[in-house]
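Following: one structure in structure tokens, then a few remarks.
Quick caveat: nothing in here was measured; it's all calculated off a predicted structure. Proteins get letters first, then strands, A, B, ... in listed order; numbering begins at 1 in each.
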Amino acid sequence: MEKKIEIIENIDPSLIHKDLSHPASGGICVFIGAVRDTTQNQKVNSLFFEAYEAMALKEMEKIAEAASKQWNLNRLIMQHAVGDKKVEEPVVLVGASSAHRDDCFEACRFLIDTLKEKVPIWKKEFFDGKDEVWVTPHP
Amino acid sequence: MEKKIEIIENIDPSLIHKDLSHPASGGICVFIGAVRDTTQNQKVNSLFFEAYEAMALKEMEKIAEAASKQWNLNRLIMQHAVGDKKVEEPVVLVGASSAHRDDCFEACRFLIDTLKEKVPIWKKEFFDGKDEVWVTPHP
Amino acid sequence: MKILLFGVAKDIVGNQVLEEPSFKAKNVAELKQELIKKYPEFAKLSSLAIAVDEEYASDEKLISAENEIAIIPPVSGG
Amino acid sequence: MKILLFGVAKDIVGNQVLEEPSFKAKNVAELKQELIKKYPEFAKLSSLAIAVDEEYASDEKLISAENEIAIIPPVSGG
């Protein structure tokens, strides 16, 4: 399995097909997470993402490895952005390609769910006329 | 919900984010179906797709309508290509964007599964040194 | 009666359109019977649907020369 | 002992790095106790993990000044 794993300034979603296409892949499934204009009924202006980069890349490699053992994948991508991100900008992109669509759908869902749970990246929310806050999810 | 439903010569996967991005969408899920180099252990050279276009568009509209009732979606796309397609070329692209990722993942899976079941489009397979055949799936 | 053909249905009939003045079918079920009688290959398909005016039609659906009628062999898009 | 801080942990400590010569922790569990004693805000987080050499570490994991140690407050990527 070929993989592309990155922490980058700007995610370019126009490269999805190029990054995941493979002659043996009949299916490509991709998830893009983007900045939403509202959270818990408050208007969001922008987000800021900080990563513990060396560890984040290691955790992403582990997740990719786990996915490649569980499903039959030809290519895989995991990218997370850092820095300031405006509404609609992509902040995370994960995806996989496989011969049949079950594998790429299930792997794609696993990649984003596990990334959100394990990868050391933190999000700060900026609101209109209010202090910014680090998001500290309560499970 | 905004939607884009098309039968076209060539699908351009680089437009995914532009076509599905929305200020209220935190998640975008996309599935691309592409030509695979092998089917049932035979090497495939290319596929040819034919559509009953007017009816195919009506069926795609119905599927989009059903998805918009079942999930909370902001934007939706369904595109199917017609004509000759080489290995790795996209032949179908479906996707949706939503506030939370459950909706876009489930809707995306529903869109491709239902399209394959209902939309009047037919595929012919071209092999090395053998006659081409219309694919007539046996359930 | 003029019937649109797609995919493997074109190969079975050997044409893109089937014009069959002898067909007397008043509904979809009768049309399927006439089709299979004239072209037994249709019976071998895993499914045989008829579209009337660009919608899947039930066996009871009435048909006439004014309708747009199409044979829908098993679809294989995607 | 020098500890890397991220996200809300930086706000709690008021710095990007925590240098705490008084910490005597020999393992992760003891480090968490010393942290919470000095900065009670850490006890209010929904989780508090420690990374040793860029890996999540169990409470039993031994630590020394040679390790790269980081506080991992609840992650919120994606």
Find the one option among A:I112, A:T38, A:L15, A:V44 whose heavy-atom pairs under 4.5 Å with chain B are most numerous. A:I112
[X] versus chain B, heavy atoms under 4.5 Å apart: side chain, backbone, both or neither?
| X | answer |
| --- | --- |
| A:S21 | both |
| A:C104 | side chain |
| A:D12 | neither |
| A:K86 | neither |
| A:D102 | both |
| A:V87 | side chain |

Please rank B:G27, B:G33, B:A24 by heavy-atom pairs under 4.5 Å with chain A and give me the top one. B:A24
Which atom of [X] lies closest to which atom of [Y], heavy atoms considered:
| X | Y | result |
| --- | --- | --- |
| B:F31 | A:F105 | CD1-CE1, 3.5 Å |
| B:R36 | A:G26 | CD-N, 3.4 Å |
| B:S25 | A:A34 | O-CB, 4.0 Å |

Contact check, side chains of A:V30 and B:I16, non-hydrogen atoms, under 4.5 Å: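 Not touching, per the 4.5 Å side-chain cut-off.
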Could you check whether any side-chain heavy atom of A:E89 comes within less than 4.5 Å of a side-chain heavy atom of B:H17, counting everything from C-beta outward? no
Counting neighbours of [atom1] on [X] that are heavy atoms of other residues, nucleotides or ligands and sit closer than 6.0 Å, is the number greater than 12?
| X | atom1 | value |
| --- | --- | --- |
| B:D131 | CG | no |
| B:D37 | CG | yes |
| A:K124 | NZ | yes |
| B:N45 | CG | yes |

Please round to the nearest 0.5 Å and tell me the distance separating atom NZ of A:K116 and atom CZ of B:R101.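 Going from NZ on A:K116 over to CZ on B:R101, the span is 5.0 Å.
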Rounded distance (nearest 0.5 Å) linking atom CG of B:L20 with atom CD of A:E88: 11.0 Å
